[in-house]
Amino acid sequence: MSSSATDLLHSGENRVVVNTSRGESGSRMDGRVYAVFVVAAVGDNSGYITQYWIAEGNENLHGEGWSGSNPTVHDTSSYTFSGADLTGMQSAELTTVLLAGTRYQPDYMTFNSNDLGQPETDTSHYPEGATDIGDEICFDAEGGSGTESRYVDVESFDVTDYVKDVNTVVFERGRDSNGDGVIDPSSAISEGEDYIHPCLAVLSVKKKKASLLQDLGIAGITTANMYAGATGTLTAEVRNYGEKTGSQAVVAFYVDGEKIGTATADTGSSGVGYAVIEWAATGGEHEISAKIESPADSVSSNDEYSLACNIEDLPDLSLKVSSPVSAESGEAAVKQSPSFFMIPVLGAAGAAAVWGRRKKPGKIMAATLVCMLVLSPVLVQPSFAAGLEYREYVLPVEVLNEGGAVDPGVSLTVYLDGEKAAYTTLEDGIDGGDSESVEISIFTTPGSHKVRIVVDEEGSVDELDEGNNSFEAVYEFP
């Protein structure tokens, strides 16, 4: 998480205290807080000014088997910093924070496709040419002894020779050094980290103060609820790439060249703000534009942004699900029908209710026990059953859309026995009257499991019918 501390910092020492819920009733927190980082931009009289781009989050890069026997893999993550005006640039620096790195397990970082950090010379522990940026020593990636740390690795790189108008940093948990198609962290000479977490990247460009003028630009437009007859929302992302001469930007919105209104974006201390306006959407093809109406700045080429938008009727998503199939044997799971069990279950429950009125408490318990025994064939076995190994299954899902087109990014969530087991998004969206087929890998033990699938669980898509967005069934997994 991140929060603004501009009004909290003062000169000299600043103390940060973190309180967790460890030990509290019902808390699952184990108390592991790795570190707290404060990023402060402080003015000086050097005659220079510095531009900052700050990206924070937590990417979990990991290899197969990083969590039990679940064989998922996530090898790389990246982030792109845009809008760097290099006029009058003196130097550029990239600062990063990695969590949970391990010494002697190499990891890599590139900036605009250039490797960062010095290669390790100890060939008894590293492949030739490998870097180990997350080696539990801070500020040593470019040479020097650095500072010993534990689970936290902070590094700064001089990227003056690599910086461009648009800059991309890539984090890699390892590389396949021997060409066998696998990044193996467990061999005698490790090829990568078991897991490592990039969580902060700060790009700074130092420039001559006179060269940095006001530069407000629109980085993009996003739309929401854009369906015929609905009230849609248009959001323009405004960025202040230049000197902070004002924190607000007036943005005008246009549809097919006709102005529909203005909104104000407050870029504030972050340099990023959002102008939002509503529009009563009409069907058909439209061009949507946003343009900065603030006083002219040093760069006018980025003051306007446009996109084409085809507005249709509301969509209607539904699901068609086939039986899960064993990835190993190809054998399909058997769907269990509750109807076979309903009569004896209801009969036993009725007997328990009658017996409860006429007999002593001890016999109420006996009747309840009978009911539980009848119910037992349909109870779902927990996926962590002792002595059983996890296996991979493929779950075929078809998402149908009987209404207007759905934008890319709608979610699809799978639950096994009430626990979230898989999550994916439909990257291409779904046109009206069309469908999208997805094969989702899930990992569980053989036996009886309840499968529940939900499309657009977050409710981000307005639909004609929200009641057909989920599917639920019990299967006997082979």
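Bear in mind that the values here come from a model prediction, so they are computed numbers and not experimental data. Both backbone and side-chain heavy atoms feed into the values below; hydrogens, waters and symmetry mates do not.
- Between the side chains of E287 and S306, no donor N or O sits under 3.5 Å from an acceptor N or O.
- Neither side chain, Q105 nor D107, offers a donor N or O lying under 3.5 Å from an acceptor on the other.
- Screening D194, D75, T76 for a side chain to side chain donor-acceptor pair (under 3.5 Å) with R173, the sole residue that qualifies is D75.
- With 3.5 Å as the limit, one finds a donor-acceptor pair spanning the side chains of E427 and T425.
- The closest side-chain donor-acceptor pair between E120 and T131, if any, does not fall under 3.5 angstrom.
- The environment of CD in E258 is sparse: at most 12 heavy-atom neighbours from other residues, nucleotides or ligands sit within 6.0 Å.
- Take Y151 and apply the ring-ring contact (aromatic ring centres under 6.0 Å, His included) test, not counting sequence neighbours, and it matches Y34.
- Side-chain contact, D462 with N225: a donor N or O sits under 3.5 Å from an acceptor N or O.
- Inter-residue side-chain proximity for V251 and I218 is flagged as met; some heavy-atom pair is nearer than 4.5 Å.
- Residues D115 and Y108 bring no donor and acceptor atom of their side chains to less than 3.5 Å of each other.
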- Task: Before giving the answer on side chain to side chain contact (heavy atoms under 4.5 Å, CB included), spell out for V397 and L412 the whole-Å C-alpha distance, their side-chain angles and the decisive distance to 0.1 Å.
- Result: CA-CA 9 Å; V397 179; L412 196 60; 4.0 Å; yes

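- The ring-ring contact (aromatic ring centres under 6.0 Å, His included) pairs that include a residue from residues 261-285 are W279-H286, where partners are two or more places apart or lie in different chains.
- No donor-acceptor contact under 3.5 angstrom links the side chains of T168 and S78, judged on distance only.
- Annotation: side chain of D153 is not in contact with side chain of V97 (no heavy-atom distance under 4.5 Å).
- At a threshold of 4.5 Å between non-hydrogen side-chain atoms, the residues P396 and K320 do not count as touching.
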